[in-house]
Amino acid sequence: MATPSSKAGTKGVPREHRRRQMLEAATEEFGTRGYAAASLPAIAARVGVTKTLLHQYLGTKEDLYVACLVPVGDRLLGAVREAMGEGGTAPHTPLRVLHGIFSALEGRREAWFVLYDTTLPPGGEAARRASGYRSAIDRLAAGGTAELLRAAGSTDPLDADALKYVWRDLVATLVRWWVKHPEQTPEAMTQRCARLFAAAATLTPDGRSG
């Protein structure tokens, strides 16, 4: 008979393994409930440790959030950079970026909401670090959308600005839909987006299929 795995928080659990369990539990808590509503006792209970031990390992609530944010932000920013670096801003780049985002989030989809948490206390380290990651991703999106428009013959800066906002909201909406459909793989989501983009491209200005 197989030996049961050790419970987090019990003696004999390696420190780094226990810390990783704490971060995984905290990422889920912050991602599903938001910073303001997240509970440190609930995070501690998820891994079978005390709130005191959680503080000893990872500090304050804000310290814990930042510890969760950094790997999420690094992973998402890296995925977008890599996707945009593979061939510049070709027409298929948006799909490649989406696939990179979906792949980076697979297995921890709620992590998206850690980065895009609207309940962070303003002026603190958590808000500053999150804003830095979001701004970096926005700059990449702004450059990419502007290049796509130029390739399509539009040099209007307001077109580029509008498309940047559309793209940002579109990605957030797709991720929220994806979270509600856990059976959808990153590949399936990318293929779905390709179909949706193709269908949208056939619409005429009056909203009818052309």
Give a yes-or-no answer on whether the side chains of Asp138 and Ser135 include a donor-acceptor pair shorter than 3.5 Å.
no

Interatomic distance, CE@Met22 vs CG@Leu64, rounded to 0.5 Å, equals 9.5 Å

At their closest point, which heavy atom of Phe113 faces which heavy atom of Gly31, and how far apart are they?
CB-O, 3.4 Å

Would the distance check show the side chain of Glu29 and the main-chain N or O of Ser39 forming a donor-acceptor pair, the cut-off being under 3.5 Å?
yes

Less than 4.0 angstrom from a charged side-chain N to a carboxylate O is my criterion; do Glu16 and Arg18 meet it?
no

Decide whether Leu115 and Leu98 are clustered together by the hydrophobic rule: side chain heavy atoms of Ile, Leu, Val, Met, Phe, Trp, Tyr closer than 4.5 Å, transitively.
yes

Donor-acceptor side-chain pairing of Ser131 and Arg128 below 3.5 angstrom
no

side-chain contact (heavy atoms from CB on, under 4.5 Å) between Arg168 and Tyr165, worked out:
CA-CA 5 Å; Arg168 185 169 62 190; Tyr165 280 90; 2.8 Å; yes

Would you kindly confirm whether Val70 and Ile137 end up in one hydrophobic cluster when ILVMFWY residues are joined by side chain heavy atoms under 4.5 Å apart?
yes

Quick check: do Leu58 and Leu23 have side-chain heavy atoms less than 4.5 Å from each other?
yes

Which heavy-atom pair separates Pro71 from Ala67 by the least distance, and what is that distance?
CD-O, 3.1 Å

In Å and rounded to the nearest 0.5 Å, what is the NE2 to CZ distance from His181 to Arg192?
8.0 Å

Are Arg15 and Tyr57 in a cation-pi contact, defined as NZ or CZ under 6.0 Å from the six-membered ring centre and within 45° of the axis?
yes

Do Leu76 and Tyr133 pass the side-chain contact (heavy atoms from CB on, under 4.5 Å) test, and can you show the C-alpha distance, the side-chain angles, and the key distance before you say yes or no?
CA-CA 9 Å; Leu76 284 169; Tyr133 281 115; over 6 Å; no

From CG (Leu148) to CG (Asp159), nearest 0.5 Å
12.5 Å

Quick check: do Leu69 and Thr27 have side-chain heavy atoms less than 4.5 Å from each other?
no

Is there a donor-acceptor pair under 3.5 Å between the side chain of Ser103 and the backbone N or O of Gly100?
no

Distance only, no hydrogens: is a donor on one side chain within 3.5 Å (strictly under) of an acceptor on the other, for His17 and Arg20?
yes

Would you say the side-chain atoms of Arg96 and Thr93 include a donor-acceptor pair closer than 3.5 Å?
yes

Do Phe197 and Leu163 share a hydrophobic cluster (ILVMFWY, side-chain heavy atoms under 4.5 Å, transitive)?
no

Among Arg46, Arg109, Arg33, which one satisfies salt bridge (charged side-chain N to carboxylate O under 4.0 Å, His left out) with Glu28?
Arg46

Looking at Val179 and Pro182, what are the two nearest heavy atoms and their distance?
O-CD, 3.9 Å

Under a 4.5 Å side-chain heavy-atom rule over Ile, Leu, Val, Met, Phe, Trp and Tyr, are Tyr116 and Trp178 clustered together?
yes

Working to the nearest 0.5 angstrom, can you tell me the gap between His55 NE2 and Leu40 CG?
5.0 Å

Would you say that Arg176 contacts Trp112 through its side chain, given a criterion of any heavy-atom pair below 4.5 Å between the two side chains?
no

How close do Lys164 and Ala142 get, heavy atom to heavy atom, and via which atoms?
CD-CB, 3.6 Å

Under 4.5 Å between side-chain heavy atoms, counting indirect links through other Ile/Leu/Val/Met/Phe/Trp/Tyr residues: same cluster for Val97 and Trp177 or not?
yes

Hey, could you give me the CG/CD distance between Leu120 and Glu62, rounded to the nearest 0.5 Å?
8.5 Å

At their closest point, which heavy atom of Pro121 faces which heavy atom of Ala127, and how far apart are they?
O-CB, 3.5 Å

Do His99 and Leu95 pass the side-chain contact (heavy atoms from CB on, under 4.5 Å) test, and can you show the C-alpha distance, the side-chain angles, and the key distance before you say yes or no?
CA-CA 6 Å; His99 184 264; Leu95 285 174; over 6 Å; no

Quick one: do Asp156 and Leu149 satisfy side-chain contact (heavy atoms from CB on, under 4.5 Å)? Show the steps, please.
CA-CA 9 Å; Asp156 186 333; Leu149 283 171; over 6 Å; no

If you take all heavy atoms of Thr119 and Ala36, which pair is closest and at what distance?
OG1-N, 3.0 Å

CG-OG1 distance between Leu174 and Thr190, expressed to the nearest 0.5 angstrom
10.0 Å

Taking the side chain as everything from C-beta on, heavy atoms only, tell me whether Lys61 gets closer than 4.5 Å to Phe30.
yes

